[in-house]
Number of protein chains: 2
Amino acid sequence: MTHSATPDGGVVALAGGIGAARFLRGLVQVVAPGALTVVANTGDDLRLHGLHISPDLDTITYTLGGGVHPVQGWGRADEHHTVAAELAERYGVPGWFTLGDRDLATHLLRTGMLADGATLSQATARIAAAWNLPFRLLPMTDDPVATMVETTDGRTLHFQEWWVGERAKPDVVAVGLEGAATARPAPGVLEALGQASVVLLCPSNPVVSIGTILDVPGIRPALRQKPVVGVSPIVGGRVVRGMADRLLPVLGADVSAAAVADLYSDFLDGWVMDTADRGGVPAVQSLGIVARVTDTIMRTDAVSAALARSVLDVATEVVRR
Amino acid sequence: MTHSATPDGGVVALAGGIGAARFLRGLVQVVAPGALTVVANTGDDLRLHGLHISPDLDTITYTLGGGVHPVQGWGRADEHHTVAAELAERYGVPGWFTLGDRDLATHLLRTGMLADGATLSQATARIAAAWNLPFRLLPMTDDPVATMVETTDGRTLHFQEWWVGERAKPDVVAVGLEGAATARPAPGVLEALGQASVVLLCPSNPVVSIGTILDVPGIRPALRQKPVVGVSPIVGGRVVRGMADRLLPVLGADVSAAAVADLYSDFLDGWVMDTADRGGVPAVQSLGIVARVTDTIMRTDAVSAALARSVLDVATEVVRR
């Protein structure tokens, strides 16, 4: 079923990892094949053992390609860990970042292509093709960027080192995208945004997922020219997953659905929140943003699809205004 | 049992892969711990999927560390191949070079260390320590080098692409070590050679194993200052393993134990050949080289140890001359 709100220009969705991937499983049920471009965060990308790892690109790919670990929501189903066990047991290398064997094949393919001079976009396209993704998947940038956090104990860590390696224990005083100033949107990103009938924000972390995409020069200004509808990643004043509750205060923002909308108020036209957050509707509306509440806890693909329909309904409403 | 021919200065052995590793299993039984330095060929090293792979260093390490695949003579025992299967089946990447899962851990550790600025020597030392090798293992050089073969059909291939990837089918018109002119012996190589009481040549390929080590500037001249005793890799006019029979003619050399000695005649003092090659003794002696025949087919560690004793006997004889 193709929704009426996915016309000529197509849909662009800005995406982080797990939450975005679950939303996209619904979105692909209601947007025409070929009409969707997904622009994914690469601020979490890291180099480990010389490999280029793109956690959000991979989570989206595995989830939409049908290969994701169903409980974790990241990594591969039917995964093995021989390599990581050998690294740990033989070489004493701590496995702070999970590298499953099947997952490693993706990292090796990507790293090899990059070593041979390909761009991250090109590697992403090849990987997406192998998984038969029903949309175009673009990294936000081909340039090297890294989300860095500064902790209260005075250290500057890669986001993944803080979040995965240190389980987000140290408090954070600052967070930013290293390399943002000189990063260019990946080929196709600005073109897709320019053509899009509507831009969607997946329910992803407003600081280190959507926030980093917005940090790439040119993307935020492009959104101001388009109808933009987002899904709140905050439900009932709490994060569904991830660590936005730890990072929003760093930006001086409350941990609430309305506060996240406020972060986007220079370009946001519609905001879909969980029913639990209906109390935030007036605050969102006061920003001139169309507010809608529905079930945003995506326990099943059917819930994801219903959520995607609500989002496209809001988009239609926004466009008609 | 420490042999009388392993005195103060110690022993340096130049080594390729499988044949060298089997010889070293004998040599470590008859040379005092701490007295042996092994200098290994890195001409076969290759980059694959962005990984730095050092086939000869790994074969020596796994064999002497007790982790080698007992039948193959290379790679790991109890190996799994999940990563390679995923690369082939999911991504259509042909697995022309075997990358076992356990083996990959070594490549990842090495590649990560190199990416962080370590030298190949430093990575090799860490890997050797993890395997408790009973000698010092040095790469012939830390600099990037690559053994290249030119085929009769006009292509220039990395040695591993020709040997493993194309199963050595195309005939070869030239072979050489790319990067040799500017390569420097790895730290410790010339020092070990300078101090050594005797230098041994393991029964390795005279063209692409020992030959490439000799191509590193400074190593061949250093051998001319030392008693050098080698073991023939040619038995009965045939290669025990490998492809020396395909490459010796490229150098204008016969496939015979005596012809290999001739390639080394500017520095070789003693040559141990298989009993099958006793007919070559006069030719070797005519070069002013001490010749000895014994069983060189190393079916067991006991045979390897007996061969090592013969080699050290010849070294003693050479030193006394």
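Quick note on labels: first sequence line is chain A, next is B, and so on, each numbered from 1.
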Based on non-hydrogen pairs under 4.5 Å, which of A/Thr106, A/Asp116, A/Val93, A/Leu99 is most in contact with chain B? A/Thr106
Heavy-atom pair count under 4.5 Å with chain A, highest-scoring of B/Ala129, B/Gly100, B/Gly112, B/Gly67: B/Gly112
About how many Å separate OG1 of A/Thr82 and NE2 of B/His80, when rounded to the nearest 0.5 Å? 4.5 Å
Top contributor to chain A contacts, counting heavy-atom pairs under 4.5 Å, from B/Leu51, B/Val83, B/Thr111: B/Val83
Only distances under 3.5 Å count here; give the side-chain donor-acceptor pairs of residues 134-145 of chain A to other protein atoms, sequence neighbours excluded, each with its distance to 0.1 Å.
| residue | atom | partner | partner atom | Å |
| --- | --- | --- | --- | --- |
| A/Thr141 | OG1 | A/Asp143 | N | 3.0 |
| A/Thr141 | OG1 | A/Arg184 | O | 2.6 |
| A/Asp142 | OD1 | A/Ser121 | N | 2.8 |
| A/Asp142 | OD1 | A/Ser121 | OG | 2.6 |
| A/Asp142 | OD2 | A/Ser121 | OG | 3.0 |
| A/Asp143 | OD1 | A/Arg184 | NH2 | 2.6 |
| A/Asp143 | OD2 | A/Arg184 | N | 2.8 |
| A/Asp143 | OD2 | A/Arg184 | NE | 3.0 |
| A/Asp143 | OD2 | A/Arg184 | NH2 | 3.4 |

Where B/Tyr91 and A/Ala130 come nearest, the two heavy atoms and their spacing: CD2-CB, 3.5 Å
I need the A/His81 NE2 to B/Asp101 CG distance, nearest 0.5 Å. 11.5 Å
Less than 4.5 Å to any heavy atom of chain B: does that hold for the side chain of A/Ala115, its backbone, both, or neither? side chain
If you round to the nearest 0.5 Å, how far is CG of B/Leu108 from CG of A/Leu104? 6.0 Å
I need the A/Arg90 CZ to B/Leu109 CG distance, nearest 0.5 Å. 12.0 Å
Taking A/Arg47, A/Arg76, A/His107 one by one, which has the highest count of heavy-atom pairs under 4.5 Å against chain B? A/Arg76
